[in-house]
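Taking it in order: structure first as structure tokens, then the write-up.
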Protein chains: 2
Amino acid sequence: MLEFILLGLLFEPESGYALKQRFAEGATYFWDADQSQIYRTLARMEDKGWLRSQLEPSEDGPDQRVYARTPQGRRAFEVWLREDPIQPPVRLPYVAQLFLLGELEDLERTVEFLTSLRTQLRQRRRALEGVASDFDVRSIEDFHADLALRLGLATARARTKWCDDALRRTRRAMRKEPNS
Amino acid sequence: MLEFILLGLLFEPESGYALKQRFAEGATYFWDADQSQIYRTLARMEDKGWLRSQLEPSEDGPDQRVYARTPQGRRAFEVWLREDPIQPPVRLPYVAQLFLLGELEDLERTVEFLTSLRTQLRQRRRALEGVASDFDVRSIEDFHADLALRLGLATARARTKWCDDALRRTRRAMRKEPNS
DNA sequence: CACGACTAAAGGACTTGTCCTATAGTAGAT
DNA sequence: ATCTACTATAGGACAAGTCCTTTAGTCGTG
């Protein structure tokens, strides 16, 4: 997966270091990757012939290994792009926690949990809203970035709303059964 | 992560096989796990002293290894439950595809992609709605299961709505720039 | 009684991802 | 001069997860 994302981000040649920055900046809302993994993946991709690299002197540090897509790389990327939408494995740790929190029989703790979750969800929503606010669709690339961003936003908003509602419901349940 | 989910599901003793069924049935909306991984994880947990197991004859097949939580297991589980909500790493392959689809400069393909995605999202939504419809909150466990389910539902609904909107926007953009 | 479907457990091989550490150049502050 | 922060790459060790195969008991169907 990461291979194809890196291929996509390499529409112009860049170093592993710069690619890592790009995740930290923009791409965080659909993927994130460890520095170590990025370097290893780039190396592997070069072995496969999807990339070629060149050491280039840097102005503010040691030499950079700058990677560029090869025609094979571009082709592999397009094949991936034309695949059906790839769903991730369902893996929502905090939902698992919430689900299993039933076993504590302690609604007090559930309220605490949801309160903390609300903070997290709001943070994510605000982060996305921040990106969205200074976003101006000029190109077809921007258009797609905007679509992706809005999905994140829609998700984040639905979840914060759900969280508020869940808190209300839990507090109500607590008033009815203050013994638990 | 899986360790704690298994601890949670083992509120009563069960075999690896039965636990795998449970994922397939209900727990799919917050986690899924490979059969092979479940067995290995259970074995590891027994080594740690979180579980103990016993071979028991089965009525319809070979002997089952039935696992039960030990007091240490229960304690470890509670510690995990009391942790702050654990966010998963952001990893949305289909959003990455959509984002990078800009590089194809082919809105036709984007429409195709979104159409296919809509089918997938609707399926997930319907699956969750199916579970939700025959869901009756009787216990505090049910209450938490219901909260978790509703989060899935809210997410699924927001996403299908987003997808419909994205399709409309793309078709509109296509009429304006039919050359791309 | 042969066969397929289901129940049940488990290991091999591999990929992906994480955490930590090492190495080394550059540039500004003290 | 030295220290810190940032730029830059890379490897070791390990954890988590996937795919595939093996082994074996049970039960119903043809």
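Heavy-atom basis, side chains included; hydrogens, waters and symmetry copies ignored. Chain naming here is simple, since letters A, B, ... match the order of the sequence lines and numbering starts at 1 in each.
When DNA chain C is scanned 5' to 3' for any atom under 4.0 Å from a heavy atom of chain A, the first and last hits are C:dT16 to C:dA27. Contact footprint of chain B on DNA chain D: nucleotides with an atom under 4.0 Å from a non-hydrogen protein atom, first to last in 5' to 3' order, D:dA16 to D:dC27.
Annotation: B:F4 is in aromatic contact with B:W50 [ring centroid separation under 6.0 Å].
Comparing B:Y39 and A:W31 along DNA chain C, the residue whose closest nucleotide (by nearest heavy atom) sits nearer the 5' end is B:Y39.
Residues from residues 50-67 of chain B placing a heavy atom under 4.0 Å of any atom in DNA chain C, listed by number, are B:S58, B:D60, B:P62, B:D63, B:Q64, B:R65. Annotation: proximity of residues 74-90 of chain A to DNA chain C (heavy atom, distance under 4.0 Å) is found for no residue. Taking every heavy atom of residues 4-22 of chain A and every atom of DNA chain D, pairs under 4.0 Å involve A:S15, A:G16, A:Y17, by number.
Side chains of B:F23 and B:I5 form a contact here, defined as non-hydrogen atoms less than 4.5 Å apart. With a 4.5 Å cut-off on side-chain heavy atoms, A:L104 and B:R82 count as touching.
Partner of A:T160 under the side-chain contact (heavy atoms from CB on, under 4.5 Å) criterion, out of A:L121, A:L117, A:T155: A:L121 alone.
Every residue two or more places apart in sequence or in another chain that forms a side-chain contact (heavy atoms from CB on, under 4.5 Å) with B:P13 is listed here: B:V66, B:A68. For A:I86, the side-chain contact (heavy atoms from CB on, under 4.5 Å) partners at least two apart in sequence or on another chain are A:M1, A:W80, A:E83, B:P93, B:Q97.
A donor atom on one side chain and an acceptor atom on the other are found under 3.5 Å apart for A:R40 and A:S36.
Around the CD atom of A:Q72, the shell of radius 6.0 Å holds more than 12 heavy atoms that belong to other residues, nucleotides or ligands.
With the end axes of the helix from C:dC1-D:dG30 to C:dT30-D:dA1 each set by five pairs, the angle from one to the other reads 0° at 10° resolution.
Residue pairs satisfying the ring pair (Phe, Tyr, Trp, His ring centres under 6.0 Å) criterion with at least one member in residues 114-159 of chain B, sequence neighbours excluded, are absent. Residue pairs that meet the salt bridge (charged side-chain N to carboxylate O under 4.0 Å, His left out) test with at least one member in residues 2-11 of chain A, sequence neighbours left out, are A:E3-A:R44, A:E3-A:K48. Here salt bridge (charged side-chain N to carboxylate O under 4.0 Å, His left out) pairs that include residues 160-174 of chain A, with residues two or more places apart or in two chains, are A:R118-A:D164, A:R122-A:D164, A:D165-A:R168, A:R169-B:D146.
Note on B:E14 versus B:R65: no salt bridge recorded, every NZ/NE/NH1/NH2 to OD/OE distance being 4.0 Å or above. Using a cut-off of 4.0 Å between Lys/Arg side-chain N and Asp/Glu carboxylate O, B:R109 and B:E112 are scored as salt-bridged. Salt bridge status for A:R126 with A:E129: absent, with no side-chain N to carboxylate O gap under 4.0 Å.
With a 4.5 Å cut-off between side-chain heavy atoms of Ile, Leu, Val, Met, Phe, Trp and Tyr, the cluster of B:Y39 takes in B:Y17.
Between the CG atom of B:L114 and the OG1 atom of B:T170 there is a distance of 5.0 Å, given to the nearest 0.5 Å. Atom CZ of B:R124 sits about 12.5 Å away from atom CZ of B:R157, to the nearest 0.5 Å.
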